[in-house]
Amino acid sequence: MVCQCRSQHRMERIYVPILVFYGFYLTHVVSVSPPPLMEVHSGENVTLQCINVLKTPGQVSWFKQVNSSEPLCITSMWSSLQTVHHYNGFQVKRMKMLIINRNIFLKITEVDVADSGLYFCGLSDDYFIFTNATVLKVQGHKDYYKDPTENNEKGEKYGTMNLFLLVVILGVVTAVLLIVILILVLKVRRDSNRLNTGMEPISYGACY
């Protein structure tokens, strides 16, 4: 597999046996134990580190790999210089590389879900060495992240409750209307009976 790091003055192609992570011993590469998992939320700041690995001057780099895709070079610098180069569209303001004593750090500001992946640093001496890999998993914002399944269940629950309330309200309104109509019918019949009862038959006297 090929990892590319482009400098300002030349283009270098560094051929790297990444398959060593999967158990193929193709060259003199130092591998490490299975990478630890770092879980964070979107918007947080993260610092990745390679501890006590810089023993001789040389070129050091940070790489990112997503699934089984080609690893991408994030940053690169010479241990004896302060100039840091960024590659493959990684932003300077979000990803900062620095060296303190023998330790190499990569600071990522305000991580996003797209920043999830496998991160590792590389050292170029007589051969290229990969070490201190870390799996970064970025979840949604901790104040707003919710399980989509939970949201769907709640939506269905609220929808059923609203439908039930609507049916109850319609039933109550219908019952009230029927009662009002029945009262009006009874009143009309009662008034009609009173009128019929109050009228006496008129008798006409005979005229002789």
Side-chain angles (χ1 to χ4, degrees), residues 1-7 14 16-24 29-55 58-79 81-124 128-157:
M1 303 180 69
V2 180
C3 303
Q4 296 185 10
C5 289
R6 299 179 180 177
S7 64
I14 305 174
V16 181
I18 298 299
L19 292 178
V20 72
F21 285 104
Y22 302 95
F24 294 90
V29 178
V30 177
S31 63
V32 295
S33 58
L37 174 63
M38 178 184 294
E39 292 185 286
V40 296
H41 290 89
S42 178
E44 295 182 358
N45 298 330
V46 174
T47 300
L48 305 176
Q49 54 189 2
C50 291
I51 302 298
N52 197 26
V53 294
L54 191 60
K55 298 180 181 180
Q59 183 182 13
V60 293
S61 307
W62 275 99
F63 297 87
K64 176 187 177 183
Q65 184 177 21
V66 179
N67 298 326
S68 58
S69 62
E70 176 183 346
L72 297 177
C73 183
I74 304 172
T75 59
S76 179
M77 65 182 297
W78 289 93
S79 58
L81 302 177
Q82 296 296 323
T83 304
V84 179
H85 301 283
H86 288 71
Y87 311 97
N88 296 300
F90 291 101
Q91 301 177 2
V92 178
K93 62 180 181 180
R94 292 190 60 243
M95 297 192 175
K96 296 182 179 180
M97 178 182 181
L98 65 154
I99 298 175
I100 301 177
N101 297 327
R102 295 184 177 182
N103 306 321
I104 308 171
F105 299 92
L106 178 67
K107 293 186 176 181
I108 307 176
T109 305
E110 296 182 354
V111 295
D112 189 73
V113 176
D115 293 322
S116 299
L118 175 67
Y119 290 80
F120 49 91
C121 57
L123 315 175
S124 178
F128 218 89
I129 302 174
F130 289 101
T131 183
N132 290 93
T134 301
V135 176
L136 179 63
K137 182 179 180 181
V138 183
Q139 299 178 346
H141 198 286
K142 58 183 178 181
D143 294 333
Y144 300 99
Y145 179 76
K146 296 181 180 179
D147 187 357
T149 304
E150 181 181 354
N151 291 337
N152 292 335
E153 291 177 354
K154 289 184 177 180
E156 293 177 358
K157 181 179 179 180

Peer 1: List for me each residue that meets side-chain contact (heavy atoms from CB on, under 4.5 Å) alongside E39, sequence neighbours excluded, and say none if there are none.
Peer 2: L37, K137, Q139
Peer 1: Strictly by side chain to side chain donor-acceptor pair (under 3.5 Å), give each pair with a member in residues 99-113 just once, sequence neighbours left out.
Peer 2: none
Peer 1: Drop me the distance from T83's OG1 to M77's CE, to the nearest 0.5 angstrom.
Peer 2: 7.5 Å
Peer 1: Is there a donor-acceptor contact under 3.5 Å from the side chain of T75 to the main chain of H86?
Peer 2: no
Peer 1: What pairs with V113 under side-chain contact (heavy atoms from CB on, under 4.5 Å), at least two apart in sequence or on another chain?
Peer 2: none
Peer 1: Is a donor on one side and an acceptor on the other found under 3.5 Å between the side chain of Q91 and the backbone of M95?
Peer 2: no
Peer 1: Give me the one residue out of I104, V60, L106 that meets side-chain contact (heavy atoms from CB on, under 4.5 Å) with C50.
Peer 2: I104
Peer 1: With sequence neighbours excluded, tell me which residues meet side-chain hydrogen bond (donor to acceptor under 3.5 Å, both in side chains) with R94.
Peer 2: D115
Peer 1: Write down the atom of L54, the atom of S79, and the distance for their closest heavy-atom approach.
Peer 2: CD2-CB, 3.6 Å
Peer 1: Please examine the side chains of Y119 and I108, heavy atoms only from C-beta on, and report whether any two atoms are closer than 4.5 Å.
Peer 2: yes
Peer 1: Apply side-chain contact (heavy atoms from CB on, under 4.5 Å) to L81 and list each qualifying residue two or more places apart in sequence or on a separate chain.
Peer 2: W78
Peer 1: Rounded at 0.5 Å granularity, tell me how far CZ in F120 sits from CH2 in W62.
Peer 2: 10.0 Å
Peer 1: Using 0.5 Å steps for rounding, measure from the NZ atom of K64 to the CD atom of E70.
Peer 2: 14.0 Å
Peer 1: So, does S76 use its side chain to make a donor-acceptor pair with the main chain of S61 at under 3.5 Å?
Peer 2: no
Peer 1: When rounded to the nearest 0.5 angstrom, what is the spacing between CG in N88 and CD1 in I74?
Peer 2: 9.0 Å
Peer 1: Decide yes or no for V111 and N45: does some side-chain heavy atom of the first lie under 4.5 Å from some side-chain heavy atom of the second?
Peer 2: no
Peer 1: How far does OG1 of T131 sit from CG of N52, to the nearest 0.5 angstrom?
Peer 2: 10.0 Å
Peer 1: Show the nearest heavy-atom pair for residues V66 and S116, with the distance to one decimal.
Peer 2: CG2-O, 3.9 Å
Peer 1: Could you list the residues that satisfy side-chain contact (heavy atoms from CB on, under 4.5 Å) with T134, not counting sequence neighbours?
Peer 2: P36, M38, L48
